[in-house]
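This report concerns only the one structure given below.
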Amino acid sequence: MEKVRKAVIPAAGFGTRFLPFTKAVPKEMLPIVDTPTIEYIVREAMDSGIEEILIIINAEKECIRTHFGHNFVLEDFLLDKNKRAELAMVRDLPLKIKIEFTYQLEQLGLGDAVLCAEKFVQNEPFALLLGDDLYVSKSVPVTKQLIDAYEQTHSSILGTLEVLPEEVSRYGICNPVQPSSERLVQLKSVIEKPSIEQAPSRLAIGGRYVLTPAIFDLLKTQPKGAGGEIQLTDSILRLMESEKVYSLKIDGKRYDIGSKKGFLEATVDFALSRDDLKETMKEILHEKIKS
Ligand code: UTP
């Protein structure tokens, strides 16, 4: 069985829920305290054993590429001033992992963005991490949880979270072969953005996947679906005709950074989890609540 060595991070969407910020700056670059969202996601992939990463961007999002490259002028400056900690922050990541970039020419949807990764992935299973879904896990990194499930099943895995009935219409929703309380279940079908009445469960696809390369041929012939976009979920449904597909309940807390609520919550939680900022954030919150 082939090892999951590669990860794909689509980050080429317009991010309309976060305008006007996203007019000039990608939402994947929104800082959670002092680190861009997409850096946390790259680190999750690295902590999960991933060896090569492809980030899908568009021509307006070059700053993502800049962030993961070397800035030799800055590195020299920090070295000169003996600012070792800051130097490590800007230099270590580009040294540790190979990150490639490709461009999605038109924003036709997530399915189309994933198709841009075909040449990079070739014939291997791969991890897919959406560029605006941030996870914190107290146990194993979320992508590693999915890779472990892949090693058990040799099949595509969709990471899921349980959502409220009124939220199902915002997600791809899974339909398990049989009702089960197990974390890992085989799926009968998936449906993108169903109404409450149509939704077969409350198991929502949460921005983390391990997929087999068979997905690419299906994406090539995938007609537009919900929202007039090429939906990855629709191709995953067709994948089930030839291969088993499973869902795995993610053990971790998710923040949808593409939404204002998710961004604000992550900012507060991440500050509270840091020794250098915990007390400051508590003071701020305390004062606000008092008034
Ligand atoms: P979203 O649906 O959350 O992104 O896609 P969006 O379309 O950019 O955002 P809104 O809904 O308008 O606010 C999830 C991930 O897939 C990428 C996005 O960049 C995001 O990281 N994506 C989406 C693409 O790369 N290409 C697309 O055509 C659409």
Side-chain angles (χ1 to χ4, degrees), residues 7-32 36-45 53-65 67-68 99-121 126-135 142-143 158-161 163 167-173 190 192-194 204-209 211 215-216 219-220 222-236 254-264 266:
V8 173
I9 305 178
F14 281 128
T16 55
R17 285 171 296 157
F18 229 113
L19 283 167
F21 177 80
T22 44
K23 185 178 171 196
V25 188
K27 64 176 167 180
E28 294 81 4
M29 289 299 285
L30 276 165
I32 306 305
T37 298
I38 195 162
E39 183 174 324
Y40 291 108
I41 294 172
V42 162
R43 288 185 187 278
E44 178 194 319
I53 295 177
L54 176 77
I55 302 181
I56 298 156
I57 56 173
N58 65 46
E60 307 293 322
K61 291 187 157 190
E62 279 296 329
C63 65
I64 297 180
R65 191 181 197 137
H67 180 74
F68 289 109
I99 302 181
E100 291 180 35
F101 293 84
T102 196
Y103 295 83
Q104 185 189 22
L105 299 180
E106 234 187 306
Q107 277 48 63
L108 298 176
L110 178 60
D112 180 68
V114 173
L115 185 54
C116 299
E118 186 181 19
K119 240 175 98 183
F120 165 83
V121 168
F126 65 102
L128 176 66
L129 297 81
L130 299 197
D132 57 351
D133 275 318
L134 182 56
Y135 279 92
V142 171
T143 294
L158 317 182
T160 58
L161 32 117
V163 296
E167 292 174 333
V168 290
S169 62
R170 302 214 304 260
Y171 294 89
I173 300 292
V190 273
E192 186 62 35
K193 300 190 172 57
I205 305 172
R208 294 291 185 272
Y209 311 70
L211 296 172
I215 197 69
F216 293 116
L219 285 170
K220 278 177 207 159
Q222 187 61 54
K224 288 180 180 168
E229 296 190 343
I230 298 175
Q231 296 289 354
L232 175 64
T233 308
D234 294 344
S235 289
I236 293 174
R254 170 184 182 254
Y255 302 91
D256 174 9
I257 304 301
S259 77
K260 283 155 205 159
K261 180 172 180 260
F263 168 72
L264 292 171

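Atoms within a ligand are numbered from 1 in the order they appear, just like the ligands themselves.
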Compile the donor-acceptor pairs under 3.5 Å between side chains in residues 111-121 and protein atoms, sequence neighbours left out, one pair per line.
from, atom 1, to, atom 2, distance (Å)
D112, OD2, Q104, NE2, 2.8
E118, OE1, K220, NZ, 3.4
E118, OE2, K220, NZ, 2.9

Side chain to side chain contact (heavy atoms under 4.5 Å, CB included) filter on F14, not counting sequence neighbours, yields T16, Q107

Note: D133 and G206 closest approach over all heavy atoms is OD2-O, 3.8 Å

Quick one: are F126 and L211 in side-chain contact, heavy atoms under 4.5 Å? yes

Correct closest heavy-atom pair for P10 and L110 would be CG-CD1, 3.7 Å

Using heavy atoms and a strict 4.0 Å limit, residues surrounding ligand 1 turn out to be P10, A11, A12, G13, F14, G15, T16, R17, K27, E28, Q104, Q107, L108, G109, L110, A113, L130, G131, D132

Residues 21-32 vs salt bridge (charged side-chain N to carboxylate O under 4.0 Å, His left out), sequence neighbours excluded, gives K27-D132, E28-K61

